[in-house]
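Just so it is clear, the structure is predicted and the values come from calculations on it, not from any experiment. Lettering of chains follows the sequences in order, A, B, ..., and the numbering in each one begins at 1.
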2 protein chains.
Amino acid sequence: MRGARYSSGVDNEVGQEIADALGILLRRTTRAQLHQQLTAGMGEGVDEVTYPVLSALARTGPRSAADLAPDVGIDRSGVTRRATRLEAAGLIRREADPHDRRAHLLVLTERGQLAVTELRTRLAAHITASLSSWPPGEAEAFARRLRRFTAEGPFA
Amino acid sequence: MRGARYSSGVDNEVGQEIADALGILLRRTTRAQLHQQLTAGMGEGVDEVTYPVLSALARTGPRSAADLAPDVGIDRSGVTRRATRLEAAGLIRREADPHDRRAHLLVLTERGQLAVTELRTRLAAHITASLSSWPPGEAEAFARRLRRFTAEGPFA
DNA sequence: CAGGTAAGCGTGCGCGGCGCACGCTATTCT
DNA sequence: AGAATAGCGTGCGCCGCGCACGCTTACCTG
């Protein structure tokens, strides 16, 4: 199980350390207080519940609710309900699929696009600010490792 | 706000990259499927809902439910209910505080201690395994950065 | 070309977790 | 000693979720 390609392998203590850190991070980032703080001032539609739908939509382009569901990680019906709220808030709109008249494509409105970019910017600024005290190049290296970790790591 | 100590500062694009990666990681690690897979075979008491209480208890030692609540991130009553389930499963027990006869201290039983170490080991092994293909030293460096990120990062 | 099957969507329903507030017991303060 | 406070468990209402159903539209086969 260890050292598949490199003779030195990876000490299991490292995995333990990463696991603990991820656990802490998971708890911290799910604090409702943080979410409310980050979404403060935006329209009433964007929410810690509805945002994942908005974000996934911004990432992958217009898609149906059923297609979006596995990416968000909840049931198809849940995506539909969140989409209904986002639509009421004017952040997305339902568009008829030209190729299939049953399908309703979810597409971001201009306000929706604005909201997601705004929130992404806020979060990035929040992170960048607290990384300003890191030695030069450290943050960039960390970002690269983190990207690789998410791409081909244990949670791929 | 940027470059407080180092003249080069940190490009905001780095923050953006980290933010996106964390978002993905957050979604992946909250998949119920993953939790069930990791807790498979253990007693019926350990659960993705009850585990944070168990874990916090293992980290900080015997504490009251009210003290535990802010660390878990939910209301005091929620901790009480989860503790009740864990007690029924024989993973923790309520002990009378010798100094205050109102207080019920939550303390891990032997089986509880065993369960949390087992789960920690499983998760660490899962992570270590998928890091075996990384170049030597990379995983260790990533673990160090991640630890620092959680300790003094934007979510401290 | 027609009828049956399947896909896609929204919604009703039951379940479960959460936060708030209340009651009860033990403690502390005046 | 009596009042005020802290600590705990629980009832209650709310909300999100997954499942299953009905309805519309597309596909497929004879």
Taking CZ from A/Arg76 and C1' from C/dG12, how many angstroms apart are they, rounded to a whole number? 13 Å
Taking OP1 and OP2 of C/dC9, is either one under 4.0 Å from a side-chain nitrogen or oxygen of A/Thr80? no
Between D/dC14 atom P and B/Asp75 atom CG, what is the distance in whole Å? 17 Å
Quiz item: B/Ser77 side-chain donor-acceptor pair to C/dC20 base, under 3.5 Å: yes
Closer to the 5' end of DNA chain D via nearest nucleotide, is it A/Gly78 or A/Asp100? A/Gly78
Between atom CG in B/Leu68 and atom P in D/dC8, what is the gap in whole Å? 11 Å
Return the value, rounded to whole Å, for the distance between atom CD of A/Glu95 and atom C1' of C/dC9. 16 Å
Does OP1 or OP2 of C/dG8 have a side-chain N or O of A/Arg101 closer than 4.0 Å? no
Grab the CD-P distance between A/Glu87 and C/dT11 for me, whole Å please. 10 Å
From CD of B/Gln33 over to C1' of D/dG18, roughly how many Å is that when rounded to an integer? 15 Å
Sort and list the pairs that fulfil salt bridge (charged side-chain N to carboxylate O under 4.0 Å, His left out) and have at least one residue in residues 34-51 of chain B, not counting sequence neighbours. B/Asp47-B/Arg85
With no hydrogens and no angle check, is any side-chain donor or acceptor of B/Thr150 less than 3.5 Å from a backbone partner on A/Leu25? no
Can you tell me how far P of C/dG10 sits from CZ of A/Arg85, to the nearest Å? 15 Å
Ignoring hydrogens and angles, does a donor from either the side chain of A/Arg94 or the base of C/dG10 sit under 3.5 Å from an acceptor on the other? no
Of the residues in residues 38-67 of chain A, which ones touch DNA chain C at a heavy-atom distance under 4.0 Å? A/Ser64, A/Ala66
Below 30° counts as parallel, above 60° as perpendicular, anything between as tilted: where do the rings of A/Phe149 and B/Trp134 land? perpendicular
Assess whether one donor atom and one acceptor atom, taken from the side chain of A/Arg102 and the base of D/dA26, lie less than 3.5 Å apart. no
Would B/Arg76 and B/Thr80 count as a side chain to side chain donor-acceptor pair (under 3.5 Å) if you check the C-alpha gap in whole Å, the side-chain angles of each, and the deciding distance to 0.1 Å? CA-CA 6 Å; B/Arg76 174 184 63 83; B/Thr80 296; 5.0 Å; no
Side-chain donor/acceptor of B/Thr109 to backbone N/O of B/Leu91, under 3.5 Å: yes
May I ask you to say what A/Asp97 touches in the nucleic acid, namely base, sugar-phosphate or nothing, with a heavy-atom cut-off under 4.0 Å? nothing
Using modelled atom types and a 3.5 Å cut-off, is there a donor and acceptor pairing between side-chain atoms of A/Arg122 and backbone atoms of A/Leu38? yes
Which whole-number value in Å describes the distance from B/Leu105 CG to D/dC8 C1'? 12 Å
Side chains of B/Thr84 and B/Arg94: is there a donor and an acceptor less than 3.5 Å apart? yes
Among the nucleotides D/dG7, D/dA26, D/dC8, which one has an atom lying closest to any side-chain atom of B/His104? D/dC8
With no angle test and no hydrogens, is the base of C/dG16 tied to the side chain of B/Arg81 by a donor-acceptor pair under 3.5 Å? no
